[in-house]
J.: 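Have a look at the structure that comes next, please.
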Amino acid sequence: MIQEIYNELYSSFGPQHWWPVTAEGKLHPEYSGGPKNNLIDIKKIIKIKNEKLAKIIKSSGYHNQKAKKLKNFCMFLSENYGGKLNSLFKKDINELRSELVSVNGIGPETADSIILYAAKKPIFVIDAYTKRIINRIGYKESKYEEIQKLFMQSLPNSEKLFNECHALLVELGKNICKKSPLCSKCPISAHCSYYKTIYTPKREV
DNA sequence: TACCAGGTCCTCG
DNA sequence: CGAGGACATGGT
């Protein structure tokens, strides 16, 4: 079922090429923050003032909180791993996840995103879109880890596939399976119990 | 004009 | 535990 949903989303939307965002080893000229800030460096992020960092990331929203939390992660990396992502990513995937989640500012989704997109290890990222979609389809799971298990037990254990599948779900959730859903445009409505309730009125017995 | 985002933390019951 | 609020700018 989950596998079929993935297949149909992929057929409809095509590859989303979410990650890597840039060519291997290169920074995106626009999205890296540009040469002015020169902050792709753990030590520099630790040193910069919260207010200054917040100003730089302002357009992302929640910038004051995010500035602190970004620095928390850099501090964690610096204190425990010599500021090297590589040594962090050598860890066992489950240990890595629990360590990341213990950092204030990194919740389950962010931890899994780091593991999937930065460490390139197979773990399935669950976001608000995915929860909404999966619940409308008819699955009862509500907790993050439960929904994650559902995907990971239904799909091949592939980092590339998890990456693509998550991106496809975001595309569906953002543009079609919205809070107020556009079911007529949905490529997987045939599998959806919400769609069936709406478009197949009950009749009297 | 409203509503919501590729969340997380904290507080309260 | 689960729900609800705070954080805050930008896209549609």
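Each chain gets a letter, A, B and so on, in the order the sequences are listed, and its residues count up from 1.
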J.: Between A:I126 (CD1) and B:dA5 (P), how many Å, whole number?
T.: 16 Å

J.: Send over the distance from A:L53 CG to C:dA8 P, rounded to a whole Å.
T.: 13 Å

J.: Should the ring pair A:H166 and A:Y117 be called parallel, tilted or perpendicular, given that the plane angle runs from 0 to 90° and is split at 30 and 60?
T.: tilted

J.: Figure out the NZ/P separation between A:K179 and B:dA5, and round it to whole Å.
T.: 8 Å

J.: Without decimals, in angstroms, what is the distance between A:K131 NZ and B:dC4 C1'?
T.: 15 Å

J.: May I ask whether A:F162 and A:I93 are part of the same hydrophobic cluster, defined by side-chain heavy atoms of I, L, V, M, F, W, Y residues being less than 4.5 angstrom apart, directly or through others?
T.: yes

J.: Is there a donor in the side chain of A:D112 and an acceptor in the side chain of A:Q148, or the other way round, less than 3.5 Å apart?
T.: yes

J.: Quantified in whole Å, what is the P atom distance between nucleotide C:dA8 and nucleotide B:dA2?
T.: 23 Å

J.: If I take atom CG in residue A:N72 and atom C1' in nucleotide B:dG7, what distance separates them, rounded to the nearest angstrom?
T.: 15 Å

J.: Among B:dG7, C:dT9, B:dA5, which nucleotide sits nearest the side chain of A:K58?
T.: C:dT9

J.: B:dA5, OP1 or OP2 - any side-chain N/O from A:R132 closer than 4.0 Å?
T.: yes

J.: Could you tell me how far C:dG4 sits from B:dC4 if I compare only their P atoms? Round to whole Å.
T.: 15 Å

J.: Grab the CD-C1' distance between A:E141 and C:dG2 for me, whole Å please.
T.: 18 Å

J.: Using the P atom as the point on both nucleotides, what is the distance between C:dG11 and B:dT8, in whole Å?
T.: 22 Å

J.: Heavy atoms under 4.0 Å, any strand shown: does A:K174 hit a base, just sugar-phosphate, or nothing?
T.: sugar-phosphate

J.: Output the rounded distance in Å from CG (A:N64) to P (B:dT8).
T.: 18 Å

J.: Inspect the contact between A:K131 and A:E109 and indicate whether a charged nitrogen and a carboxylate oxygen are less than 4.0 angstrom apart.
T.: no

J.: Base, sugar-phosphate or nothing for A:V103? Non-hydrogen atoms, less than 4.0 Å.
T.: sugar-phosphate

J.: With the side chain of A:N104 defined as its heavy atoms from C-beta on, choose the nearest nucleotide among B:dA5, B:dC9, B:dG7.
T.: B:dC9

J.: Return the value, rounded to whole Å, for the distance between atom OH of A:Y144 and atom C1' of B:dT8.
T.: 12 Å

J.: With nearest nucleotides of DNA chain C determined for A:S142 and A:K66 from heavy-atom distances, which residue corresponds to the more 5′ nucleotide?
T.: A:S142

J.: Rounded to whole angstrom, note down the P distance from B:dC3 over to C:dG5.
T.: 14 Å

J.: Any non-hydrogen side-chain atom of A:P187 less than 4.5 Å from a side-chain atom of A:L172?
T.: yes

J.: Do any side-chain nitrogens or oxygens of A:T110 fall under 4.0 Å of OP1 or OP2 in B:dT8?
T.: yes

J.: May I ask you to test the A:L96-A:I114 pair for a side-chain heavy-atom distance under 4.5 Å?
T.: no

J.: On DNA chain C, check which nucleotide each of A:K178 and A:Q65 is closest to and give me the residue with the more 5' one.
T.: A:Q65

J.: Base, sugar-phosphate alone, or nothing: which one does A:H63 contact when heavy atoms must sit under 4.0 Å apart?
T.: sugar-phosphate

J.: Counting only side-chain heavy atoms from C-beta out, which of B:dT8, C:dG2, B:dC4 sits nearest to A:K143?
T.: C:dG2

